[in-house]
Amino acid sequence: MSDVIKLLPDHVANQIAAGEVIQRPASVVKELLENAIDAGSTDIRLIFRDGGKTFIQVIDNGKGMSPTDARLCWERHATSKISSAEEIYSVKTMGFRGEALASIASVAHVELKTKKTEDKLGTLILIEATEVKKQEAVSFQNGSSITVKNLFFNIPARRNFLKSNPVETRHIIDEFTRIALANPQIAMSLFNNEDEVFILKQGDHKKRIEEIFGNKTSENILFVEEQTTIINVSGFIGKPDFAKKNRGEQFFFVNKRFIKDAYLNHAVMGAYENLISKEQFPFYVINIEIDPSHIDVNVHPTKTEIKFEDEKAIYQIIRAVVKKGLGQHYHVPLFEPSSDDTFLNLPTGREIYSGKNNPQTDETVSSSKSNSSNWKNTFVSSSARLNDEVGQGVENKPATKQDWQQLFDVMKPKDTVGKMSPTEKMNERINAFDETQTYSKNILQLHNSFIISQIKTGMLIIDQQAAHERVLYEKYLSALEYDPIVSQQKLFPKTVSLNSADENLLKEILPDIRLLGFDINELGKNSFVVNGVPAELNQQDEQGLIEQILENYKQQIQHPSRKERIARTLAKRACVKPGTKLTSDEMVLLIDELFACSEPNSSPDGKACTIILSVEEIYKLFDRK
């Protein structure tokens with residue numbers, strides 16, 4: 001029997017390794033920038049085109065390489081960073097494996113120009129799929145220039161899996177931003193398709209943050225710093241008042257290496273407890289300095305995961321440092337229950353409604369009215385809105401003897417209640433609105449979150465948020481395909497400023513969201529002017545609205561259709577939220593529009609919109625036979 005195990009050729013092994021190290025153009029950018037930093041550069045330029053698919057170039061003024069090193073650096077496991085396994089646990093450079101350049105060279109056309117300060121001439125090397133095509137002496141400045149062209153040209157399957165140019169551009173900007181934040185002492189510039197994106201000068205961390213994010217100034221960020229025997233912590237955290245509804249501006253750096261750590265993120269979020277809502281996320285850039293022997297960076301090929309020797313102690317330190325920073329500017333209220341706060345002394349529902357023992361009633365009702373007005377235009381005609389006042393629903397009427405009689409009138413004897421087949425149940429859902437039209441006066445709202453209506457065989461319960469999300473989702477899909485929505489123009493246009501990554505994302509989806517009623521134009525320098533928005537979103541803050549739409553869009557990545565992702569994103573943002581009071585007309589119209597949808601039973605995310613509770617099931621709840 002012949003042997004079947006074979007040793008793979010080097011070029012095949014390199015392509016396999018490239019699958020782990022080089023996942024997309026942003027991976028190339030990360031490796032080249034880190035090499036430039038390790039070379040002692042003080043000025044780095046990044047230039048790319050077409051989302052990095054066809055052209056990436058990194059130019060630095062580092063120490064350069066000799067002709068021998070320039071040739072050897074493209075071999076697998078060739079590195080200047082370590083010489084033994086023990087040195088892995090004391091390494092302070094960004095790279096150390098010697099895999100990145102070999103992986104890049106195996107899947108692209110590469111050009112290297114480099115020169116050391118003491119040399120008169122530099123070296124030019126051309127490589128295609130690990131094969132050196134040319135090496136010669138050339139005139140060149142001190143430092144190195146690496147150009148990567150036609151990424152994945154020899155792996156069509158991998159190239160086909162790359163996303164659109166704007167998406168890949170966003171990933172490249174993210175990588176550039178992380179490295180720039182960690183190294184404010186290095187001047188860095190970024191050019192996309194010959195357009196200037198960033199020109200960052202040498203400075204301190206605060207200056208670098210202001211240059212990258214623009215809107216992060218001393219008015220909305222706080223400096224934190226602490227030195228301990230375990231770690232040294234420094235950086236900036238956002239004030240609670242400026243927390244956003246997305247996670248895009250949260251950065252941890254360990255010895256200037258960007259990491260992702262959910263455990264440490266939990267420590268920061270814990271420090272903000274009671275200062276922001278669960279839906280909000282604070283800004284932070286936190287730098288951790290630690291002895292390299294107390295961490296393991298050789299965990300993941302991308303080196304964004306780190307193992308700490310004493311993770312729990314670091315968690316406590318991070319939380320304490322952030323809490324201290326916040327405490328110097330904010331007094332955190334503590335809840336101390338009094339002896340009167342017992343179950344027996346709680347106000348009754350009637351007292352709460354009437355305002356007794358509840359000095360915030362007027363404020364709450366006012367807030368509820370404000371929330372209701374944001375989306376009311378979606379449901380009720382102008383004349384109906386003039387005739388109906390928010391808060392006059394049936395549920396607020398005091399109970400009368402006649403009401404109790406009507407309640408028992410609808411209850412049928414057990415022998416008249418039969419079991420329904422699945423087909424009959426579906427027909428019952430479809431015909432539910434017929435009953436609500438006949439008995440619309442019996443529709444009521446439960447806890448300002450659910451709509452309850454009597455139907456032929458029992459009770460229909462509707463989740464108002466899920467139902468409205470379904471209605472808006474199908475409305476937006478229709479607008480994207482056939483019938484654009486008219487924009488509601490603003491009396492005073494608003495200016496919105498975004499970071500570079502979000503700017504590119506908004507440019508990508510701008511043609512589609514204009515069909516949904518957004519009138520947005522570019523101003524340049526990461527700024528846009530909002531002239532109009534859809535009617536149901538007219539009362540919202542424009543800056544927060546656009547940021548939340550972009551963040552929700554990113555989270556819908558599992559849906560390949562861009563139009564579907566946009567429709568889901570806007571429907572989730574614009575739908576009526578739990579706690580919003582509806583009028584009778586609004587509830588009737590919501591039910592009407594829900595059952596006019598193609599899929600009324602579930603929201604776009606698959607959550608149930610309706611539940612039918614049969615009379616038989618109600619009997620069982622009361623142990624009736």
- Query: Considering residues, nucleotides and ligands other than K507, do more than 12 of their heavy atoms fall under 6.0 Å from its NZ?
  - Reply: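 Enclosed.
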Using every non-hydrogen atom in the two residues, find where [X] and [Y] come nearest and quote the distance to one decimal.
X	Y	result
V148	A108	CG1-CB, 3.6 Å
N448	Q464	O-NE2, 2.9 Å
L516	Y476	CD2-O, 3.5 Å
R49	N193	CA-OD1, 3.1 Å
A466	C609	O-SG, 3.5 Å
L151	I22	CD1-CG2, 4.3 Å

Short question: side chain of [X], backbone of [Y] - any donor-acceptor pair under 3.5 Å?
X	Y	answer
K256	V254	no
N255	I290	yes
R573	R568	no
Q280	S277	yes
S449	H447	yes
R170	N504	no
R178	F258	no
N183	I186	no

Going by heavy atoms in the side chains, are [X] and [Y] under 4.5 Å from each other?
X	Y	result
W74	T130	no
M269	F281	yes
L523	F528	no
L101	L112	no
E547	E249	no
L506	F518	no
I172	L46	yes
N142	N61	no

- Item | Donor-acceptor pair between D291 and S293 side chains, under 3.5 angstrom |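 A pair is found: one side chain offers a donor N or O, the other an acceptor, under 3.5 Å apart.
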- Using a distance-only test with no angle check, is there a side-chain donor-acceptor pair under 3.5 angstrom linking Q57 and S145?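 Their side chains do contain a donor-acceptor pair, which is all the 3.5 Å distance test asks for.
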Can you tell me how far apart [atom1] ([X]) and [atom2] ([Y]) are? Round to the nearest 0.5 Å.
X	Y	atom1	atom2	value
H468	S603	NE2	OG	13.0 Å
H205	N287	NE2	CG	4.0 Å
I295	I288	CD1	CD1	9.5 Å
L222	Q328	CG	CD	8.5 Å
E289	N232	CD	CG	5.5 Å
E226	I318	CD	CD1	10.5 Å

- Can you list the residues that meet the ring pair (Phe, Tyr, Trp, His ring centres under 6.0 Å) rule with F161, with sequence neighbours excluded?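 F161 satisfies ring pair (Phe, Tyr, Trp, His ring centres under 6.0 Å) with no other residue.
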- Message: Using the ring pair (Phe, Tyr, Trp, His ring centres under 6.0 Å) criterion, which residues pair with Y272? Sequence neighbours excluded.
- Response: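 With neighbours one apart ignored, the set is empty.
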- Message: Apply side-chain contact (heavy atoms from CB on, under 4.5 Å) to residues Y284 and N265 and explain how you reach the verdict.
- Response: CA-CA 10 Å; Y284 62 78; N265 179 73; 2.6 Å; yes
- Query: Between K207 and E211, is a salt bridge (charged side-chain N to carboxylate O under 4.0 Å, His left out) present by the stated rule, with each step listed?
  - Reply: CA-CA 6 Å; K207 182 66 175 178; E211 286 181 320; 5.1 Å; no
- Check the pair E469 / K572 against salt bridge (charged side-chain N to carboxylate O under 4.0 Å, His left out), numbers first and verdict last. CA-CA 6 Å; E469 193 173 334; K572 187 177 291 292; 3.5 Å; yes
- Please say which of F198, F236, F283, F242 ends up in a ring pair (Phe, Tyr, Trp, His ring centres under 6.0 Å) with F213.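 Result: among F198, F236, F283, F242, F283 is the only option passing the ring pair (Phe, Tyr, Trp, His ring centres under 6.0 Å) with F213.
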- What's the verdict on side-chain contact (heavy atoms from CB on, under 4.5 Å) for I513 and L510, showing C-alpha distance, side-chain angles and the deciding distance? CA-CA 5 Å; I513 66 174; L510 199 53; 3.9 Å; yes
- Give the intermediate values and the outcome of salt bridge (charged side-chain N to carboxylate O under 4.0 Å, His left out) for residues E168 and K53. CA-CA 8 Å; E168 297 299 340; K53 299 174 186 176; 6.0 Å; no
- Decide yes or no on side-chain contact (heavy atoms from CB on, under 4.5 Å) for E175 and L33, but give the supporting numbers first. CA-CA 9 Å; E175 289 293 350; L33 289 178; 5.7 Å; no
- Hey, mind stepping through I509 and L550 against side-chain contact (heavy atoms from CB on, under 4.5 Å) and telling me if it holds? CA-CA 9 Å; I509 66 175; L550 295 176; 3.9 Å; yes
